[in-house]
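For reference, the structure discussed in these notes is given below.
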Amino acid sequence: MRGIEDVTPASVRLPVATDDTVFPLAQLPPDAPIRCGEELCRMDDMPVLSSVCGKVEGTLMIHHPLYGPLQCADILRDGTDEVPLPIVTEEELTPDAIIELAREAAVYDELDGIPLWEKLSHWQVTEEDLTPLHSVLVADGTANDVYGSAPWAVLKEDARMVLDGLRLAAKAIRFTRYHIATMLPKRRRRALKKAVGRAYVYTVGDEYPVTVYADKSMETYRIGVQACLALAQAVREGKRHTHTVVTVAGDALPAPHNLRVPFGTNIAALLTACQAQSEHHIVLGDAMVGIPCTDPHTPLLPGMTTVLAMSPRRVRTPGPCIGCGRCAEACHVGLLPYEIVRRSENMHYERLQHLYPSDCDGCGVCSYVCPAGRDVAQEVLEAGQTKGTMFLNWGEDEYE
Ligand code: SF4
Ligand code: SF4
């Protein structure tokens with residue numbers, strides 16, 4: 001596994017408003033320098049921070065493949081000045097104070113791009129609540145993707161700080177149990193246990209996607225290792241969350257890289273730093289269920305931890321099902337994808353109900369393993385939408 005390399009782009013593009021609000025650009029002093037970590041505006045009660053030191057050049061509307069229409073500010077980088085947060089003492093670190101710090105430091109959870117303070121406020125229990133007795137807060141370090149390795153690289157670089165952030169997050173929601181979940185190879189797992197203590201490391205099963213992050217009797221609440229690290233850095237060092245670590249990989253790159261970049265760095269800058277071949281398709285996220293991206297100027301935003309550059313492939317013509325059963329063997333939910341598709345095609349809707357097609361989460365593994373080249377996952381998802389009746393296929397509203 002490679003370490004983390006720092007990349008400093010010439011400019012960043014940061015979302016400052018959605019399509020139905022207007023960013024008050026006029027409120028920013030013209031030509032005044034903006035420091036890294038300085039608040040540009042607030043969106044949904046969360047500060048939008050500049051991730052670089054520089055100057056706002058202007059704004060423009062973009063359509064982000066993950067977040068839809070966004071009004072963005074282009075900031076030309078110049079300098080390295082940072083705005084620190086005040087450091088609080090241990091006594092001042094109450095659960096509510098930790099949540100407030102997560103908000104002011106603009107810490108996002110990389111697992112889904114949701115602000116960490118929102119998750120923690122939602123999960124926080126009262127002192128009398130018994131939920132913590134059967135619950136555990138997990139820092140997800142599994143890199144649950146064929147290509148992704150950003151969480152492993154972060155753990156390798158600073159596992160103790162990640163554990164400290166996880167401990168703070170657990171304190172914020174009044175949980176007493178917390179651990180880092182990982183699927184690292186044995187030698188690296190041993191190094192992680194040595195760094196943080198074996199009681200704080202849980203090894204998940206070798207499955208895709210991972211579904212079990214703790215003892216099955218425990219209710220699991222999950223946040224990313226980068227969110228833990230950012231929370232610890234905010235509390236201990238007064239640093240705001242302006243940078244992220246992203247895995248840039250794929251078969252159109254000579255070698256995968258883990259890059260630390262400011263939020264808002266465009267995808268093209270990442271691919272250039274990794275010497276991507278000229279002809280490639282960009283995929284954001286997981287190799288199985290990632291989202292295609294056609295605009296290389298798309299900015300990297302919270303919730304994006306893997307960017308793939310894939311060579312163009314000849315599309316295979318799907319053949320008939322040969323009944324090999326590989327899709328059923330691979331399904332982590334225990335479904336029978338070929339049987340679901342067969343019943344759906346033959347309109348055996350009553351029997352279809354007993355095969356639970358709506359339990360499918362669209363992970364895509366059945367399509368990946370199918371030797372006939374069928375998009376089994378899509379067919380199962382469509383079968384799940386019929387909910388055991390053909391009427392939905394013909395136009396639900398007309399028959400209600
Ligand atoms: S896409 Fe659905 S049916 Fe296919 S393996 Fe994943 S969960 Fe199972
Ligand atoms: S993997 Fe493909 S060919 Fe094999 S049983 Fe499933 S759908 Fe049929």
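Atoms within a ligand are numbered from 1 in the order they appear, just like the ligands themselves.
Under the ring-ring contact (aromatic ring centres under 6.0 Å, His included) criterion, the residue pairs touching residues 100-139 are W123-Y221, with sequence neighbours excluded.
One finds no salt bridge joining E329 and R326 here, because no Lys/Arg side-chain nitrogen approaches an Asp/Glu carboxylate oxygen to under 4.0 Å. Residues K55 and E38 are not paired through a salt bridge, judged by the lack of any N-O separation under 4.0 Å between the basic side chain and the carboxylate. We find that E157 and R260 are joined by a salt bridge, their nearest charged nitrogen and carboxylate oxygen being less than 4.0 Å apart.
When only non-hydrogen protein atoms are considered, atom 8 (Fe) of ligand 1 lies nearest to C331 SG, 2.4 Å. Ranking protein heavy atoms by distance to atom 7 (S) of ligand 1, first place goes to D361 OD1, 3.4 Å. Among protein heavy atoms, the minimum distance from atom 2 (Fe) of ligand 1 is reached at C360 SG, 2.4 Å.
T298 and N266 form no side-chain donor-acceptor contact under 3.5 Å, judged by distance and modelled atom types alone. Between the side chains of S11 and D74, no donor-acceptor pair of N or O atoms lies under 3.5 Å.
Counting heavy atoms only, C363 comes closest to atom 6 (Fe) of ligand 1 of the residues C363, A377, P357, S367.
Within the 4.5 Å cutoff, side-chain heavy atoms of M161 are placed close to those of E237. A heavy-atom distance below 4.5 Å is found between the side chains of L284 and V307. Residues T306 and V283 form no side-chain contact, since every pair of their non-hydrogen atoms from C-beta on lies 4.5 Å or further apart.
Atoms of ligand 1 found under 4.0 Å from any heavy atom of V333 (numbered from 1 in listed order, with element): 7 (S). With ligand atoms numbered from 1 in the order given, ligand 1 contributes 1 (S), 6 (Fe) to contacts under 4.0 Å with heavy atoms of G364.
Around atom 6 (Fe) of ligand 2, protein N, O or S atoms at less than 2.8 Å comprise C327 SG.
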